[in-house]
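Right, one structure below, let's go through it.
Whatever order the structure lists them in is the order used to number ligands and atoms, beginning at 1. Along the sequence shown, residues are numbered consecutively beginning with 1.
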Amino acid sequence: MSPTLHPRLEPVRETILKRNPGEAEFHQAVDEVLMSLGPVLERRPDYVEASIIERLAEPERQIIFRVPWVDDQGRVNVNRGFRVEYNSALGPYKGGLRFHPSVYLGIVKFLGFEQIFKNSLTGLPIGGGKGGADFDPKGKSDAEVMRFCQSFMTELYRHIGEYTDVPAGDIGVGGREIGYLFGQYKRITNRYEAGVLTGKGLSWGGAAARTEATGYGTVFLTQEMLATKGRSFDGTKVVISGSGNVAIYAAQKVAQLGGTVIAMSDSGGYVVDEKGIDLEIVRDLKENKRARISEYADLRKQSTFVADGSIWEVACDVALPCATQNELSADAAKTLVKNGCIAVAEGANMPTTPDATDILQEAGVLFAPGKASNCGGVAVSALEMQQNASRDSWSFEHTEQRLETIMKGVFERCQSTADEFDVPGDYVKGANIAGFVKVADAMLALGVV
Ligand code: GLU
């Protein structure tokens, strides 16, 4: 435990640890926020009085359910499904669904907890939630994924709704899965309630630029952060971990802004292409073929594939971790610093370990936490909800423009809050405090509910 935890928060932390045993990722996410809140409590005894943090840490509702489904061989499989409806002070619960074998309650709670502050930071009226299942879509046929999604929704439908809880995608849940989930919801409820899910396809209620939004948003925010040092993406070398939706569109925006993405990865290893990653190859491998990144090196002879080792060993100016939690360790942070990296922005949720964050910040590397730098996805989800509510459909250009404005606003909020609390340039504290205060004020106004 860091010595900087405010004494008032020690018993709060103890209770959280005791009440949620064995949930390491959740503890990590809570700790990171608690470490930032001491100075807020000094100024706001009313938050202490109303036990705002104790109430915030406890999800409003946690749903765990059985998901039985039949595979292509006719065998019956059973997975576990989750939806944690964490906080609805600012709006309906909002957050993605993750389908990955590592999913258990602790992962869903860490993601749901982060989502509260992230969604608050966007400035849009959305609460926080998250869900998923320990289902592994890798190697499954389309028909198996469909049957799984239908079974998952057959339980989930009773808990969600456009005014209640609005899921979307996350790792392992993209347009295909959202389609199957929406189809089943529509069938069970006999309602074309487009606003119940976001990340939909463009012909059936989806928003232009939603697919691109998380990656683009990460780059927009990084651009703001670089500008504080008189820098831009132009001419920079960028390393992006991952090759999913976030990584691919972060890479696309970096290239549009004049940067060169020299490495990308998946769980099997990473590719380095000093001339710049050919994104069309990556998109074809990942979006169409659902193949491994190692195949990139077969197609681009000047590139190399590295199966073991860390992508963060590739020297770069800007690092964008866009794969998964705790993928950037203290050792990786030291290597980035040694290689002269000037900025790190989290495209994934909590990809940087706490000690790695400390190392980067102490070395003066610009650092954007995911709550700020990856909120573009959920922000455009909220814009999708707006379009669904008004039965409207905006152009790509208009939506991207809105996204850029939102990301500028998010950065300004983090920056001005960090200044206000005498930690200039500490965007971790800035994001945590700014995200927290808005939710806390709403909770105060709504009474003890
Ligand atoms: N899963 C994404 C996130 O981590 C998006 C959530 C959403 O669009 O609701 O923010």
Is it true that [Y] and [X] share a donor-acceptor pair across their side chains at a distance under 3.5 Å?
X      : Y      : result
Tyr47  : Asp441 : yes
Glu25  : Tyr104 : yes
Asn326 : Gln28  : yes

Salt bridge (charged side-chain N to carboxylate O under 4.0 Å, His left out) pairs touching residues 87-101, sequence neighbours excluded, are Arg98-Asp170
How would you list all residue pairs meeting salt bridge (charged side-chain N to carboxylate O under 4.0 Å, His left out) that involve residues 113-123, not counting sequence neighbours? Glu114-Lys371
Can you name the residues that form a side-chain hydrogen bond (donor to acceptor under 3.5 Å, both in side chains) with Asp284, not counting sequence neighbours? Asn288, Lys289
Can you produce the list of protein nitrogen or oxygen atoms under 3.5 Å from a nitrogen or oxygen of ligand 1, alongside each distance?
from     : atom 1 : to     : atom 2 : distance (Å)
ligand 1 : 1 (N)  : Lys130 : NZ     : 3.2
ligand 1 : 1 (N)  : Gly169 : O      : 2.8
ligand 1 : 1 (N)  : Asp170 : OD1    : 2.9
ligand 1 : 4 (O)  : Lys118 : NZ     : 2.9
ligand 1 : 4 (O)  : Lys130 : NZ     : 3.0
ligand 1 : 4 (O)  : Asn349 : ND2    : 3.1
ligand 1 : 8 (O)  : Arg210 : NH2    : 2.9
ligand 1 : 8 (O)  : Ser381 : OG     : 2.6
ligand 1 : 9 (O)  : Lys94  : NZ     : 2.7
ligand 1 : 10 (O) : Gln115 : NE2    : 3.1
ligand 1 : 10 (O) : Lys118 : NZ     : 2.8

